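Computed from a predicted structure; not experimentally measured.
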Amino acid sequence: MRTGLRITAFTAALAATFGTAYGVGRTVEPVVAESAPAPHDTHGGTPAASEAGGDHGGHEAEAAGGLQISEKGYTLDLATPRVTAGQKAELRFTVRDADGDAVTAYQREHDKEMHLIVASRDLVTYRHLHPTRAADGTWSTPVDLPSAGGYRVFADFTSAGKDARNLTLGADLAASGRYEPAGLPAPDRTATTDGYQVALSGSLRPGEPGELTLRVSRDGKPVTDLQPYLGAYGHLVALRSGDLAYLHVHPNGEPGDGTTEPGPAISFTATAPSAGTYRLFLDFKHEGEVRTAAFTVRAGAAPDTQAPAPTTTTEHSDGHGH
């Protein structure tokens, strides 16, 4: 990650229509922020014809990413398109090049070769996973999703070689079981997760950079000893309600660069691709555990028009648990 924030915009495809049964898996390490789901280095997004991915560019708002299953010669081949809600399953996938061959060489971005996000269409369940890659290029990670319904899988990676580029490819995942859709939590400026309180200030602006600052406290006292997670003191993801347009944002600064402190405030710069309602997910690490705080915000709305929200189920995994 760089001192200058990189933003990756990704947009997810429309949800598949589901009947009364679906299923999803949940990841190895649980982080509870009982509300709904939540942005990477200089990431941008370039639209493509079908289900979207995103290039990592600058701060300008480009077409959101994550809508495409194929982009710029790469395709996300999801070998596990369906799981059963409430049951642990192995999620397997491969990234293929223009010749259909499995990609086996990646650059590490923010300490990992692959960042995998799984989010429910109602934005109530969110997973940030780090799967394990086999020698043949097959990626796998355990998942155990709590509720039936439609989910979107986002594979965020950077290919290796002279034409290396960061992309986010998206594919639909169904979880079987009894489907009970949940409503999007109301806008809120505060969130509580596992005894921690996180306050959000600033605004998400459509078409222009805006600063978002999140302050972490516990028992009413500021947390000033946050630990680096994925090369930063915080990791932020934003998903747009409706189509799950995906933004992956990283902080303004990195540990040890002289510009950031280990809490309580973590600042980000992000540009929304459009006005609308977004769900933000902040991952932060303290006392050896990663936790997630979730917020609902409206891009284009004045900061004081934001209201509070329920909690979301979130989890983290590097393929082995945290």
Side-chain angles (χ1 to χ4, degrees), residues 1-10 31 33 38-45 54-62 65 107-113 115 117 128 130 156-158 166 168 189-191 193 196-205 208-218 221-239 246-272 278 280-295 297 299 303 316 318 322:
M1 183 165 46
R2 315 219 180 346
T3 302
L5 166 101
R6 290 174 48 190
I7 300 175
T8 305
F10 311 87
V31 178
H40 203 166
D41 246 26
T42 316
H43 298 189
D55 252 345
H56 292 195
H59 291 261
E60 68 276 3
E62 298 182 28
Q107 288 189 12
R108 294 177 72 85
E109 289 282 341
H110 312 294
D111 296 338
K112 300 292 180 180
E113 288 187 343
H115 295 267
I117 301 297
H128 182 169
H130 298 114
D156 177 0
F157 64 94
T158 299
N166 181 273
T168 296
R189 307 297 289 187
T190 60
T193 175
Y196 291 80
Q197 298 77 45
V198 183
L200 169 67
S201 61
S203 59
L204 189 60
R205 303 173 185 172
E208 62 178 303
E211 185 168 341
L212 300 170
T213 300
L214 298 107
R215 291 177 170 81
V216 183
S217 61
R218 184 169 62 171
K221 298 179 181 179
V223 174
T224 58
D225 58 344
L226 292 173
Q227 298 165 301
Y229 173 60
L230 301 178
Y233 289 124
H235 189 275
L236 188 64
V237 166
L239 295 172
Y246 185 97
L247 292 82
H248 200 165
V249 184
H250 282 190
N252 297 325
E254 59 185 16
D257 67 1
T259 67
T260 59
E261 300 291 337
I266 314 169
S267 67
F268 302 82
T269 301
T271 303
Y278 291 76
L280 306 184
F281 298 89
L282 173 71
D283 297 334
F284 64 93
K285 187 175 183 179
H286 188 240
E287 295 182 347
E289 292 188 35
V290 178
R291 298 168 173 86
T292 300
F295 303 82
V297 301
H316 297 267
D318 56 8
H322 285 213

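- Put simply, the side chain of Thr213 never gets that close to the backbone of Ser201: no donor and acceptor are under 3.5 Å apart.
- In terms of heavy-atom proximity, Tyr196 sits nearest to Glu287 at OH-OE1, 4.1 Å.
- With values rounded to the nearest 0.5 angstrom, Glu254 atom CD is found 7.5 Å from Thr259 atom OG1.
- For His235 and His110, the ring centers sit 6.0 Å or farther from each other.
- Across Pro255 and Gly231, no two heavy atoms sit closer than the pair CD-O, 3.3 Å.
- The two atoms that bring Leu282 and Gly234 nearest to each other are CD1-CA, 4.3 Å, heavy atoms only.
- The line from CD of Glu211 to CZ of Arg205 is 9.5 Å long, rounded to the nearest 0.5 Å.
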Problem set entry | Verdict with supporting geometry, His286 and Val216, side-chain contact (heavy atoms from CB on, under 4.5 Å) | CA-CA 10 Å; His286 188 240; Val216 183; over 6 Å; no

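- Atom OH of residue Tyr233 and atom CD of residue Gln227 lie 9.5 Å apart, to the nearest 0.5 angstrom.
- Scanning all heavy atoms of the two residues, the minimum distance from Pro228 to Lys285 falls at O-CD, 3.7 Å.
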Exercise. Should Leu200 and Leu212 be marked as a side-chain contact (heavy atoms from CB on, under 4.5 Å) after you check the CA-CA gap, both sets of side-chain angles, and the distance that decides it?
Worked result: CA-CA 7 Å; Leu200 169 67; Leu212 300 170; 4.3 Å; yes

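- When side chains are defined from C-beta on, Phe284 does not count as touching Val223, because their heavy atoms never get closer than 4.5 Å.
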For this session: Could you go through the side-chain contact (heavy atoms from CB on, under 4.5 Å) check for His130 and His115 one step at a time?
Result: CA-CA 5 Å; His130 298 114; His115 295 267; 3.1 Å; yes

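- The two atoms that bring Pro209 and Thr269 nearest to each other are CB-CG2, 3.8 Å, heavy atoms only.
- Applying the side-chain contact (heavy atoms from CB on, under 4.5 Å) test between His128 and each of Val290, Thr292, Asp156, Asp283 identifies Asp283 as the sole match.
- Judged purely by atom type and a 3.5 angstrom limit, Thr190 has no side-chain atom pairing as donor or acceptor with the backbone of Ala199.
- Proximity of Val297 to Leu280: side-chain heavy atoms (C-beta onward) are separated by under 4.5 Å at one or more points.
- Nearest approach of Tyr278 to Ala272, heavy atoms of both residues: OH-CB, 3.8 Å.
- Considering CZ of Phe157 and CD of Glu109, their distance stands at 11.5 Å, rounded to 0.5 Å.
- Within 6.0 Å of CD in Glu261 there are 12 or fewer heavy atoms belonging to other residues, nucleotides or ligands.
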